[in-house]
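Each remark here refers to the structure printed beneath this line.
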Amino acid sequence: MADFAGGGTAPVHPDLGLLFDLSPLPSLLLSPSWRITRASARFLEEWNSSPEACVGQELLAFVQNHLSPSPVHLKFLTTAIDDAIALRAERTSMLINTRRSVSWRARVIPYFKGDELLAIVTEWHKNLSTDDEVQPGLSTDEAFRILVQAVKDYAIFLLDTTGHIATWNTGAELLKGYRRDEIVGKHFSVFYGKEDLDIKKPEMELEICMRDGRVEDEGWRYRKDGSRFWANVVITAVYKNGVHVGFGKVTRDLTERKSAESRLIAAYEESEKLKSDFLANMSHEIRTPMHGMLSACALLLDTGLSSRQRDIVGIMDESGQVLLQVINDILDYSKLASGSFSIHSDIVGITSIVTSVLRSVQTTLPPSVHFEMFLAPDLPRSVQGDPLRYRQILHNIVGNAAKFTEKGSIRVRAGVQREDHDSYIIMTEVTDTGIGIREAAAASLFTPFTQFDATTTKQYKGTGLGLSIAKSLAELMGGSIGYRPNPERHGSIFWFTARFKKIKSLEQIQDWKSRLVRKGGTILAMPEADVVSLRQKLAEVAPIKSLLLVEDNVINQKVMLGLLRSLGFKNTALASNGSEAVNMVRSKPAAYDIVLMDINMPIMDGHQASKAMRDADIRVPIIAMTAYALKGDRERCLEHGMNDYIPKPVDKKYLIKVLAKWLLQMKDYRKIFDEQMNKLRSYESLTPGAKGHVADRLQKLSLTVQGEEGEGGGAATPSDRSVENKDQSDSHGAQSSDDTINVVKPTSQEENQHTSSVVSSPRFEPLLPPVQLEMLDSTQDIGLMVTGDIAPNA
């Protein structure tokens, strides 16, 4: 070998390409445009590639084809190359995860000549993922990663920024059934059911997580085998150096808890049903004897009693009314607690309600206490809301003031607290000079079953429910209730607010009244009529009216017959059960003006009896009289074809109002069929065929009526009925001769919507074929629907 520089040996220049090929590190040589120009032997070995498949390829496409990284991880590589070129310095990419349990980091070295980029060398460093490692694409503490991987009760894994699964721990594998190599790289929506996928729930959860930083959800998730479990899922956005790099997801299996909750809910619903049934049964069992007692007291008070006897009967009646109020309070509280209490919308006169309440309570005041009433000048005459509930709240507060005030005054103020375009907030305040309330007891005033004097020597009795009920009702009416001491002297101030809608025109009141009148088959609001006047008018027609009382309780039979006799009714038939009542009405379909129907009876109850009468096309008004007083009892009565409802114990004044409504205000059901028949006979525009059909049907109807009269076993014929009610015909107009057929013409579409019982006739065919009926209805406005409504007089 020759010497170099004067006698030395010349140096050997190694082949740089050979050195690159023999590099122990997997390396690539790139052109400035990022195309692969050379690959080391180690790289080809590690990546299982060949020079022909590698050289000339664009780097990112080659990496994508061989490693299949997620887009965010592929961006780690481009970021590292861009940074290295921009800074003319070496840079190392973040960890690039793949689907093959192998992750890589790329060390990027740019080569420049002056400002010209000559080439780029990338060295690839491999990280093997094992069961003890998690590679989320960001640097974490090794101990923490091992801890997460070891957790078996929770599925803990990471998603990339697009929702694809990047890591998988032991808990996730046990819970969801997927191995790591089966699930990494798939989108996390694979765990959701079709319903959630249809509404794009996975995408929405990631959007919420990006906006709020975190999202939590519970719902059904699905395992690899298709089984489902109830999951609690928490997704958290993950950031590194202010850059969003993915999402952390924690899933818990709450199937057992869900099952326990379902069992608890079922048990609660069952207990609520048992409680409701118990309350309904107890209400019935208590109200039934109370009905007999209070009605007997009312009858006794109408007789000639000495002053001492009248005092004793008055004590009995007052004690019974107190007991009835206790029962009503418990039922109201039960309905409020179960959320089944409803608020109605009617016309409300605040002034008249306040005056009425004060008048009713004034009779209980001692002479040393007087009322003061102040109504603000801006108080509206009429508003829209629930008058019954407003009265109930006010009566409770005023009644308490009267109970706890032995001398001084009780002042009631009412005025508008504030208003907007559509409503008023009306404040009502009751100030008394009574015993007042201790400061310690004020905080629990509106708590159920709480009394500020719970000692055995307490002077004032009660259930402790009144104020709690008033609070709930005020809140249902959009207001509130409160208490403060009387600042002027000893005593208390209770106030409450309620929201009422404004009545902006007279048309609103007229529309409300018309809708009220058209509520066929439902309980119409009873006007505050003078009961004395109604009783006098009722007494004029009572002797010529026939009633049927259906009642199984012997005591209640006696007191109801006594009450009806005291009102002037002399013709009252009695049935001891529903079956007996149905037979009596069927034998004389037009004999009774009203049926007073008990509900709970042996053999056949009131519901079944009413339905049987309606199925037989008997349209006599049926008034339910029942000791069942819970929500839904009234509706069930109407659904079975009854027309009205009187709760037990029967209040004599309310009984008078209901009887007056159906005997004085409503049209006699026996006249309606004649009117319809006359309208049919008046048709001159019918085709000859239609006229013949009408004539045939009228003939058949006539034969049917005669046949029924013959089979009735002594049933009153139409002519007999006219003789029996001759006096009634003279004073109220001639009776229809076709009493057994009841066809009602609906007055409007809205009236049909309120029909309580629409029953097709089992005995009579339509007078005309269906097509002809449609023609008549559309051209002459005549309907032939059999309904349970009794149309009011015009």
Requested in this report: Mind telling me whether W47 and W104 have parallel, tilted or perpendicular rings, with 30° and 60° as the class edges?
Outcome: tilted

**Report entry** Between CZ on residue F191 and NZ on residue K176, distance to nearest 0.5 Å
**Finding:** 4.5 Å

Requested in this report: For the pair E419 and K502, find out whether any cationic side-chain nitrogen is under 4.0 Å from an anionic carboxylate oxygen.
Outcome: yes

Query raised in the report: Hey, are D21 and R38 close enough for a salt bridge, meaning a charged N less than 4.0 Å from a carboxylate O?
Result: yes

**Report entry** Side chain D212, main chain R214, donor-acceptor under 3.5 Å
**Finding:** no

Query raised in the report: Counting only heavy atoms not in N48, do more than 12 sit closer than 6.0 Å to its CG atom?
Result: no

Query raised in the report: Is there a donor-acceptor contact under 3.5 Å from the side chain of S27 to the main chain of S40?
Result: no

Query - No-hydrogen, no-angle side-chain donor-acceptor test under 3.5 Å, R499 and S423 - result: yes

Requested in this report: Report, as yes or no, whether the 6.0 Å neighbourhood of atom NZ on K471 holds more than 12 heavy atoms from other residues, nucleotides or ligands.
Outcome: no

Query raised in the report: Could you go step by step and tell me if Y390 and F496 meet the ring pair (Phe, Tyr, Trp, His ring centres under 6.0 Å) rule?
Result: CA-CA 10 Å; Y390 178 82; F496 71 94; 5.5 Å; yes

Query raised in the report: Is E182 salt-bridged to R179, cutoff N-O under 4.0 Å?
Result: yes

Query raised in the report: Does one side chain, of W495 or T497, offer a donor that lies under 3.5 Å from an acceptor on the other?
Result: no

Query raised in the report: Taking the six-membered ring for Trp, are Y483 and F494 parallel (under 30°), tilted (30 to 60°) or perpendicular (over 60°)?
Result: tilted

Report task. Output yes when R88 and D115 qualify as a salt bridge under the 4.0 Å nitrogen-oxygen rule, no when they do not. Result -> yes

**Report entry** Test: K201 cationic atom under 6.0 Å from Y192 six-membered ring centre, within 45° of axis
**Finding:** no

Requested in this report: Ignoring hydrogens and angles, tell me if any N or O in the side chain of N169 forms a donor-acceptor pair with the backbone of I156 under 3.5 Å.
Outcome: yes

Query raised in the report: Is it true that a side-chain atom of T255 and a backbone atom of W230 form a donor plus acceptor pair closer than 3.5 Å?
Result: yes

**Report entry** Donor + acceptor pair across side chains of W168, E173 (<3.5 Å)
**Finding:** no

Query raised in the report: Above 12 or not: heavy atoms from other molecules or residues under 6.0 Å from NZ of K152?
Result: no

Requested in this report: Classify the side-chain pair S227/R223 by whether it contains a donor and acceptor separated by less than 3.5 Å.
Outcome: yes

Query raised in the report: So, are E207 and K200 salt-bridged, with charged N and O less than 4.0 Å apart?
Result: no

**Report entry** Non-neighbouring partners of R418 that pass side chain to side chain contact (heavy atoms under 4.5 Å, CB included), sequence neighbours left out
**Finding:** I425

Query raised in the report: Would you say the side-chain atoms of H125 pair up with the backbone N or O of L25, donor to acceptor, closer than 3.5 Å?
Result: no

Report task. Check for a donor-acceptor pair, side chain of T37 on one end and backbone N or O of S31 on the other, with a separation under 3.5 Å. Result -> no

Query raised in the report: Cut-off 3.5 Å, side chains only: do T79 and D82 have a donor facing an acceptor?
Result: no

Report task. Keeping the roles fixed (side chain from R42, backbone from P24), state whether a donor-acceptor pair exists under 3.5 Å. Result -> yes

Just list the side-chain donor-acceptor pairs under 3.5 Å for residues 52-63, sequence neighbours left out, or say none.
residue, atom, partner, partner atom, Å
E58, OE1, L60, N, 3.0
E58, OE1, A61, N, 3.0

